[in-house]
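Scroll down for the structure; my scribbles are underneath it.
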Amino acid sequence: MSRFSDQVAIVTGGGSGIGRATCLRLCSEGARVAAVDVNLATAEQTATEVRGAGGTAMALACDVSDPGSVAAAVAAVARDLGAPSVLCNVAGIQEYGHAEHLSFATWSRIIGVNLTGTFLMSQATLPHLVRTRGSIVNVASLAGIMGLPYDAAYCASKGGVVMLTRALAKEFSNRGVRVNAVAPGGVETPMAEIPFPADAAPEVMQLIPRTPMGWSTPAEIAAVIAFLASEDARKVTGVVVPVDGGMTA
């Protein structure tokens, strides 16, 4: 397939996990890709992998929670690759803990990356997307559409991503920009290894849904992101697609 020929895509969190898989998927379909990550070394690894597969890519260091860093990154992409027509907001962080012990610094950091970062990247890229009649795909989470224990900040941030997605989809519906989200359940990434509190109550942990279909791979999530970003989904906007093996069915 070549659904993204002559298009430029920005992928945050592009240095690992779903972000890296999304860069590789979009590149395989013809996109010029900017792998954006707070860790430049891992972003460079992704860009090198894309180039090795015959694609075009650049790597950029960016703290998505910082407006200046975001503005510089988007400007660099537009200058060096061309005006973006796809933005994939994948960057995210998580930390489990008891809500009554959650520090303000941890709360602020999780909200800053997951929610504020998604907004800042969208805000900086939207002027280009209006001109290219492009699309945004945000990575929300199962935790954005149902509550999970010991995960208050992450749930709040991803619930915010869900509503930000819907709000932007309506605001830009008459300007040619589509805005959608995927809501993964368990995914085989380093984030899956973050531990719950050692004293987590078994009866509370039982409230976390399970799926007989098993966890997703990053490539499986990237495939859904690519669909939502492509012209195959030209009439799809404002939706949140669970990719969770039926956990929220």
Side-chain angles (χ1 to χ4, degrees), residues 4 6-16 18-20 22-23 26-27 31-40 42-44 46-47 50 56-93 108-140 144 157-158 160-182 225-226 228-230 237-238 240:
F4 300 100
D6 299 321
Q7 295 190 45
V8 174
I10 299 175
V11 182
T12 70
S16 63
I18 296 171
R20 174 173 288 182
T22 300
C23 288
L26 297 180
C27 150
R32 302 191 298 277
V33 176
V36 174
D37 202 287
V38 70
N39 185 331
L40 181 59
T42 59
E44 288 282 11
T46 297
V50 168
T56 299
M58 67 183 296
L60 287 165
C62 177
D63 176 357
V64 297
S65 69
D66 178 75
S69 183
V70 166
V74 173
V77 173
R79 181 189 66 234
D80 296 342
L81 291 182
S85 57
V86 175
L87 169 64
C88 302
N89 284 308
V90 184
I93 58 174
S108 299
R109 184 168 58 88
I110 292 173
I111 297 294
V113 172
N114 297 358
L115 178 54
T116 304
T118 297
F119 169 72
L120 291 175
M121 286 298 305
S122 298
Q123 184 183 52
T125 310
L126 273 163
H128 298 290
L129 299 178
V130 168
R131 288 192 291 273
T132 59
R133 299 186 72 81
S135 70
I136 297 172
V137 183
N138 298 322
V139 174
S157 69
K158 293 300 187 177
V161 169
V162 167
M163 295 311 299
L164 175 62
T165 297
R166 292 171 174 161
L168 291 179
K170 290 198 171 183
E171 182 173 346
F172 287 85
S173 62
N174 66 339
R175 299 175 71 184
V177 180
R178 297 182 301 105
V179 188
N180 294 292
V182 296
I225 291 173
L228 290 172
S230 77
T237 192
V240 180

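Residue numbers start at 1 and run along the sequence shown.
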Considering non-hydrogen atoms only, spot the tightest contact between [X] and [Y] and give its length.
X: Cys23; Y: Thr46; answer: CB-CG2, 3.7 Å
X: Pro84; Y: Thr132; answer: O-OG1, 3.1 Å
X: Gly92; Y: Asn114; answer: CA-OD1, 3.1 Å
X: Val161; Y: Leu115; answer: N-CD1, 3.6 Å
X: Val113; Y: Ser65; answer: N-CB, 4.2 Å
X: Ala181; Y: Thr165; answer: CB-OG1, 3.7 Å

Under a 4.5 Å cut-off applied to non-hydrogen side-chain atoms, are [X] and [Y] in contact?
X: Val64; Y: Leu120; result: no
X: Val74; Y: His128; result: yes
X: Val139; Y: Ile225; result: yes
X: Thr42; Y: Ser16; result: no

Which is it for Ile136 and Leu129 under the side chain to side chain contact (heavy atoms under 4.5 Å, CB included) test, yes or no, and what are the steps along the way? CA-CA 8 Å; Ile136 297 172; Leu129 299 178; 3.4 Å; yes
Find the distance between [atom1] ([X]) and [atom2] ([Y]) and round it off to the nearest 0.5 Å.
X: Leu164; Y: Ser122; atom1: CG; atom2: OG; value: 6.0 Å
X: Ile10; Y: Met121; atom1: CD1; atom2: CE; value: 5.0 Å
X: Ser135; Y: Asn180; atom1: OG; atom2: CG; value: 7.5 Å
X: Ile18; Y: Thr12; atom1: CD1; atom2: OG1; value: 11.0 Å
X: Cys88; Y: Leu228; atom1: SG; atom2: CG; value: 9.5 Å
X: Asp37; Y: Arg20; atom1: CG; atom2: CZ; value: 9.0 Å

Could you walk me through whether Arg166 and Val240 satisfy the side chain to side chain contact (heavy atoms under 4.5 Å, CB included) test, starting with their C-alpha distance in whole Å, then the side-chain angles of each, then the deciding distance to 0.1 Å, before giving a yes or no? CA-CA 8 Å; Arg166 292 171 174 161; Val240 180; 4.2 Å; yes
Donor-acceptor pair, distance only, cut-off 3.5 Å: does the side chain of Thr237 make one with the backbone of Val179? yes
Side chains of Asn138 and Thr118: donor-acceptor distance under 3.5 Å anywhere? no
More than 12 foreign heavy atoms under 6.0 Å from CG of Asp6: is that the case here? no
Between Val137 and Val86, is a side chain to side chain contact (heavy atoms under 4.5 Å, CB included) present by the stated rule, with each step listed? CA-CA 8 Å; Val137 183; Val86 175; 5.6 Å; no
